[in-house]
There are 2 protein chains.
Amino acid sequence: MPKLGMEPIRRDALIKATIAEIGAAGSLDVTVSRIARRAGMSSALAHHYFGSKDAMFLAAMRHVLAVYGAEVRGALAVADDPEARARALIRASFTPTSFRREVIAAWLNFYVLAQTRADAARLLAVYQRRLVSNLTHALRPVAGAGARALAEGVAAMVDGVYLREALGAGEPDGRAAARMVEGWLQAQLGVLK
Amino acid sequence: MPKLGMEPIRRDALIKATIAEIGAAGSLDVTVSRIARRAGMSSALAHHYFGSKDAMFLAAMRHVLAVYGAEVRGALAVADDPEARARALIRASFTPTSFRREVIAAWLNFYVLAQTRADAARLLAVYQRRLVSNLTHALRPVAGAGARALAEGVAAMVDGVYLREALGAGEPDGRAAARMVEGWLQAQLGVLK
DNA sequence: GCAGGTTTATTGATTGGTCAATCAACAAAA
DNA sequence: TTTTGTTGATTGACCAATCAATAAACCTGC
């Protein structure tokens, strides 16, 4: 029953299944077989399309980052004044799409991977730089020369709140997390005035 | 050549070797054999003393937290005014003892583990609560009712800066990291006055 | 339109390797 | 002779990656 043009469909299914399995296992200790089964195919086919397990993880993480990037662009598009842009960036990190068990698990494992795998480190660096750069641009009009330092602080705060909320007790609450970071930014901006 | 009273020595050697191996591998994918070899014994002996690989990881993490805890108490002892106490807590998270490749690797893997293993989650919760609680007490005199919120912000900032510094380019710089968090706290306190 | 070759899709079975955990056995102390 | 320390060898399981084989769809040139 081979239909042609399956490649993109299969790749997509595998990427989603990879994220789901990482989420379920809470670690990268997931077998290709399990991922493939969840995606409705044999493990051999998964290897056929991705070549290796590592390549699958990387592709999955690129997908997570792509979704997050889209979220950021979407949020920025509807924000007009500088402060709104900064708040949009903060909130984009905590939307239900990005801030849920599965994706959080992927991120945590991604951090671990970034310590040793150069490609993972590169991918992570792109995310980190982009967040700071976006925040810096957004804050420039209100913070001037201090925008960069402020941006780095907010970026750190985003990651820290993400981590604490993700690993704290109970369901992760993106709304509360975003409010917390926004509150701090507000206070910091207050100092400038 | 069996000498008596080896147990604590062996356990200690294994715990240190575990941290070293995790640091070298950048993940929990280290074999008991490698750890045991580094600690100068057979893998069978490692199992004899710890029972399982997981138990070794947990013991290693408890050790990391114990060292960190000692560092905190030491720093608090020599700080007298509230602000100094808060700064001492911040700096304790970034001392060379705790803020170096090996230990950072252990922490990142610990985060991953805490998602699924109840004992790891419990251990992490203890650390998280203690940091907030210590900060709250330190800040109470200067921040009053707002101490708790301030403490949570600082705690998140500590974790976030830790993460970004740990995974950023170049060697992790604890001094710079601590300065950054202290600066933010300073600014926040400025708002109150 | 269709025989035969090519590409794409797909899998079951196999290979080669790794590793946690156990065990039997030996050795020194108490 | 019981307790403590210690190891080499083994067991049992798991798994990434490869391969041989099957089959549908597409593509010629006639």
Side-chain angles (χ1 to χ4, degrees), chain A residues 1-61 106 109-110 112-113 116-117 119-120, chain B residues 1-61 106 109-110 112-113 116-117 119-120:
Chain A
M1 6 161 125
K3 287 174 203 156
L4 289 221
M6 290 304 285
E7 177 151 2
I9 297 162
R10 293 302 199 186
R11 292 186 95 96
D12 196 64
L14 280 170
I15 284 175
K16 282 181 181 140
T18 300
I19 296 170
E21 281 296 324
I22 291 175
S27 85
L28 296 185
D29 269 330
V30 289
T31 68
V32 174
S33 296
R34 283 189 66 84
I35 296 171
R37 177 141 17 114
R38 186 186 284 255
M41 71 196 82
S42 73
S43 70
L45 195 53
H47 273 103
H48 173 66
Y49 282 124
F50 279 99
S52 77
K53 193 179 166 177
D54 282 0
M56 272 175 62
F57 286 150
L58 254 285
M61 209 56 223
N109 282 285
F110 186 49
V112 169
L113 210 60
T116 49
R117 300 250 339 216
D119 41 13
Chain B
M1 0 152 137
K3 288 174 202 155
L4 288 223
M6 291 303 285
E7 177 151 2
I9 297 162
R10 294 300 200 189
R11 290 186 98 95
D12 194 64
L14 281 170
I15 284 174
K16 283 184 178 136
T18 301
I19 295 169
E21 281 296 324
I22 291 175
S27 86
L28 296 186
D29 268 329
V30 289
T31 68
V32 174
S33 296
R34 283 189 67 86
I35 296 172
R37 177 143 14 115
R38 187 186 282 256
M41 72 195 81
S42 74
S43 70
L45 195 53
H47 273 103
H48 174 65
Y49 282 125
F50 279 100
S52 77
K53 193 179 167 181
D54 281 1
M56 273 176 60
F57 286 151
L58 254 285
M61 208 57 222
N109 282 286
F110 186 47
V112 170
L113 211 58
T116 48
R117 302 249 339 214
D119 40 13

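A, B, ... follow the sequence lines: proteins, then strands. Residue 1 opens every chain. Note that this is a predicted model, so its numbers are computed, not measured.
- Here the C1' atom of nucleotide D/dA16 and the CZ atom of A/Phe57 are 11 Å apart, to the nearest Å.
- Proximity of a side-chain donor or acceptor of A/Lys53 to a complementary backbone N or O of A/His47 within less than 3.5 Å is not detected.
- One interatomic measurement links the two molecules: CZ of A/Arg11 to P of C/dT8, which rounds to 14 Å at whole-angstrom precision.
- For B/Tyr49, the side-chain atoms get nearest to D/dT6 when compared with the rest of C/dT11, C/dT10, D/dT6.
- Using a 4.5 Å heavy-atom cutoff, the side chains of B/Leu45 and B/His48 are in contact.
- Across the protein-nucleic acid pair, B/Lys53 atom NZ and D/dA13 atom C1' stand 14 Å apart, rounded to whole Å.
- Using a 4.0 Å heavy-atom distance criterion, B/Ser43 is classed as making no nucleic acid contact.
- Applying the 4.0 Å criterion to OP1 and OP2 of D/dT4, one finds that B/Arg10 has every side-chain N and O outside that range.
- Residues A/Asp54 and B/Leu45 both approach DNA chain D. Their nearest nucleotides, taken by heavy-atom distance, put B/Leu45 toward the 5′ side.
- Considering only side-chain atoms of B/Val32, the nucleotide from C/dA20, C/dA30, D/dA17 that sits closest is C/dA20.
- Considering only the side chain of B/Thr31, C/dA20 comes nearest among C/dT11, C/dA20, C/dA29.
- Looking at the side chain of A/His48, the nearest of the listed nucleotides C/dA21, C/dT10, D/dT4 is C/dT10.
- In this structure, the nucleotide among C/dT8, D/dT18, D/dT6 sitting nearest to the side chain of A/His47 is D/dT18.
- Contact check for B/Phe110 versus B/Arg117: no side-chain heavy atoms found under the 4.5 Å cut-off.
- Looking at A/Arg11, its side chain does come within 3.5 Å of a backbone N or O of A/Tyr49 through a donor-acceptor pair.
- Between B/Ile9 atom CD1 and D/dG5 atom P there is a gap of 10 Å when expressed in whole angstrom units.
- For the pair B/Ile35 CD1 and C/dC19 C1', the computed distance is 12 Å after rounding to whole Å.
- Checked against B/Ser27 for a side chain to side chain contact (heavy atoms under 4.5 Å, CB included), the options A/Leu113, A/Thr116, A/Val112, A/Leu28 give a single hit: A/Val112.
- Put simply, CD on A/Glu7 is 16 Å from C1' on D/dA25, counting in whole angstrom units.
- Computed from coordinates, the A/Met41 CE to C/dG12 P distance equals 13 Å when rounded to whole Å.
- Note: CG (B/Leu28) to C1' (C/dA20) measures 15 Å, nearest angstrom.
- Closest approach to the A/Leu4 side chain among C/dA30, C/dT8, D/dT6 is made by C/dT8 (side chain taken as heavy atoms from C-beta onward).
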